[in-house]
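Order of appearance sets the numbers: ligands from 1, and atoms from 1 within every ligand.
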Amino acid sequence: MPSPQKIIVVGAGIIGASIAWHLARKGASVTVIAAKAGGEATPNSFAWINASWGNPEFYFHFRRRSMAEWSRLAADIPGLPLSWCGGLCWDLTEAKLEAYAAQQGGWGYGIRRVDRETSAALEPHLANPPSFALHVAEEGAVEPVAAANLLLEDAARQGATLLYGTEAGRLLQDNGKITGVATRDGALLADHVVLAAGAGTAALAASVGIDVPIETPPGLIVHSRPCPRLLNGLVMAPGLHMRQTAEGRVIAGSDFGGTNPGNNPQKAADELFAKVKAMLRGGDTLELDFYTVGYRPTPKDGFPIIGGVDAAPGLYLAVLHSGVTLAPLVGSVAAAEIIGGYPDPQLSPFRLSRFAQSSE
Ligand SMILES: Cc1cc2nc3c(=O)[nH]c(=O)nc-3n(C[C@H](O)[C@H](O)[C@H](O)COP(=O)(O)OP(=O)(O)OC[C@H]3O[C@@H](n4cnc5c(N)ncnc54)[C@H](O)[C@@H]3O)c2cc1C
């Protein structure tokens with residue numbers, strides 16, 4: 001029997017966790033290296049699982065496939081904190097909501113138009129339910145750090161080695177091929193190195209001359225102290241996106257990607273939290289516990305970068321925003337590509353090479 005392929009995954013956020021888990025399930029010899037267990041962007045995420053408005057059709061379908069993959073993962077990982085709680089959305093003009101419902105509904109998204117009475121029934125604590133909104137029952141959320149940790153613990157049970165608190169300084173290369181990573185404790189060698197290092201991906205790729213064009217916009221999310229249930233699902237109101245976590249915290253941003261923290265994040269958090277309180281009946285009892293500022297690893301054209309790199313065989317990239325929505329599908333498809341060695345056509349729009357083509 002051939003010996004299993006040795007694969008280093010750099011990153012223990014939701015993307016590295018999902019890739020490592022899928023690789024371990026396929027019998028690979030996996031080592032996860034991460035400066036921080038649970039990720040960097042992942043703990044600061046709003047963690048809405050969706051294929052909502054504003055996406056072109058190919059990307060909509062990719063996201064929707066990943067939504068289905070979350071249910072598959074939940075069947076394999078007991079206790080995964082996943083909730084198909086549905087999303088109530090009215091943060092667009094009525095004309096834009098109608099256009100979204102017509103387009104994405106036509107692509108198969110389960111969108112329902114709802115009036116004030118139904119909005120109030122869905123979210124009885126809204127102080128002023130919208131007279132017109134869209135409800136998507138198939139949307140949901142996951143507690144992303146718990147999910148990443150459960151995936152990594154299960155990968156470890158299947159033989160994966162988890163090296164937390166370990167910084168990868170640079171990639172190692174021999175005759176063009178990527179052979180491992182250098183850490184402060186020495187070199188780690190492998191057949192493949194997967195960079196699922198979020199905002200850290202660009203610097204590691206640059207160590208072998210590969211340009212990974214990403215931006216890292218900041219986003220502030222407020223977290224209340226845990227409280228009795230005030231929200232049943234995701235609420236996307238104008239200027240305020242909210243949900244209540246599994247442990248009962250109401251979390252919110254001025255949009256799911258977080259509020260711009262500006263140069264006074266505490267002030268931004270206080271103003272945002274005041275809006276949350278005003279939006280909810282019973283909200284006056286809410287207390288702000290803390291706020292987070294996360295940096296979304298966002299490829300410059302907004303779409304994921306996933307796949308091998310022709311100029312550096314042995315290197316595999318997985319850097320994306322909407323990583324919480326996309327983690328199960330990216331993990332499964334990436335693991336199959338790395339181990340099987342064959343490109344999966346559903347990843348063709350997401351290769352790094354598109355940037356070289358667009359600058360020609
Ligand atoms: C405010 C905000 C709201 C968001 N809302 C949503 C949402 O509603 N829905 C959604 O789908 N997505 C959302 N996202 C995006 C999503 O959270 C990210 O796409 C996802 O968390 C990225 O996960 P990741 O594993 O790629 O990166 P990260 O979580 O950033 O993890 C990177 C990992 O790499 C490690 N690392 C980096 N460099 C090195 C190195 N040199 N050596 C060793 N380890 C290294 C880090 O320690 C960490 O473990 C949001 C993000 C933010 C910030």
Salt bridge or not between Asp174 and Lys177? Use side-chain N to carboxylate O under 4.0 Å.
no

As an exercise, identify every atom of ligand 1 less than 4.0 angstrom from a heavy atom of Lys36.
47 (O), 48 (C), 49 (O)

Can you list, pair by pair, the side-chain donor-acceptor contacts under 3.5 Å of residues 81-97, counting residues two or more places apart and other chains?
residue: Trp84; atom: NE1; partner: Ser71; partner atom: OG; Å: 3.2
residue: Asp91; atom: OD2; partner: His241; partner atom: NE2; Å: 2.8
residue: Thr93; atom: OG1; partner: Lys96; partner atom: N; Å: 3.2

Which ligand 1 atoms does Trp48 reach within 4.0 Å, using its non-hydrogen atoms?
7 (C), 8 (O), 9 (N), 10 (C), 11 (O)

Atoms in ligand 1 with a heavy atom of Leu320 nearer than 4.0 Å
19 (O)

Result for side-chain hydrogen bond (donor to acceptor under 3.5 Å, both in side chains) between His61 and one of Glu57, Arg63, Arg65 points to Glu57

Please check whether Val324 reaches ligand 1 - meaning an N/O of the residue sits under 3.5 Å from an N/O of the ligand, judged on distance alone.
yes

Heteroatom distance test (Ala12, ligand 1): nitrogen or oxygen, under 3.5 angstrom
yes

Numbered in order shown, the ligand 1 atoms found under 4.0 Å of a heavy atom of Gly294 are 53 (C)

Return each pair, listed once, that meets side chain to side chain donor-acceptor pair (under 3.5 Å) where at least one residue sits in residues 256-276; pairs must be two or more places apart or across chains.
Ser254-Thr259, Gln266-Asp270, Lys267-Glu271

Pick whichever of Glu40, Arg296, His321, Arg243 has a heavy atom sitting closest to atom 53 (C) of ligand 1.
Arg296

Establish, yes or no, whether a centroid distance under 6.0 Å links the rings of Phe303 and Phe62.
no

Give yes if a backbone or side-chain nitrogen or oxygen of Ile221 is under 3.5 Å from a nitrogen or oxygen of ligand 1, and no if not.
no

Under a 4.0 angstrom heavy-atom cut-off, which atoms of ligand 1 come close to Asn44?
1 (C), 2 (C), 52 (C), 53 (C)

Quick one: do Met67 and Leu134 end up in the same hydrophobic cluster if we chain Ile, Leu, Val, Met, Phe, Trp and Tyr together by side-chain heavy atoms under 4.5 Å apart?
yes

Taking Tyr100 as the starting point, is it possible to reach Trp107 by hopping between hydrophobic residues whose side chains are less than 4.5 Å apart?
yes

Tell me, please: is Thr166 in heavy-atom contact with ligand 1, that is, under 4.0 Å?
yes

Using a 4.0 Å cut-off to any heavy atom of Glu167, which atoms of ligand 1 qualify?
41 (N), 42 (N), 43 (C)

Can you tell me if Ala47 contacts ligand 1 (heavy atom of the residue under 4.0 Å from the ligand)?
yes

Would one find an N or O of Ala168, backbone or side chain, under 3.5 Å from an N or O of ligand 1?
yes

Mind checking whether Gly323 has an N or O less than 3.5 Å away from an N or O of ligand 1?
yes

Single-linkage hydrophobic cluster, 4.5 Å side-chain cutoff, Trp70 and Val333 together:
yes

Counting only nitrogen or oxygen atoms and a 3.5 angstrom limit, does Ile14 reach ligand 1?
yes

Close N or O approach (Ala41, ligand 1; < 3.5 Å):
yes

Would you sort out whether Arg64 and Glu138 count as a side-chain contact (heavy atoms from CB on, under 4.5 Å), showing the intermediate values?
CA-CA 10 Å; Arg64 195 131 181 272; Glu138 67 191 69; 2.6 Å; yes

Any N/O of Asn50 closer than 3.5 Å to an N/O of ligand 1?
no

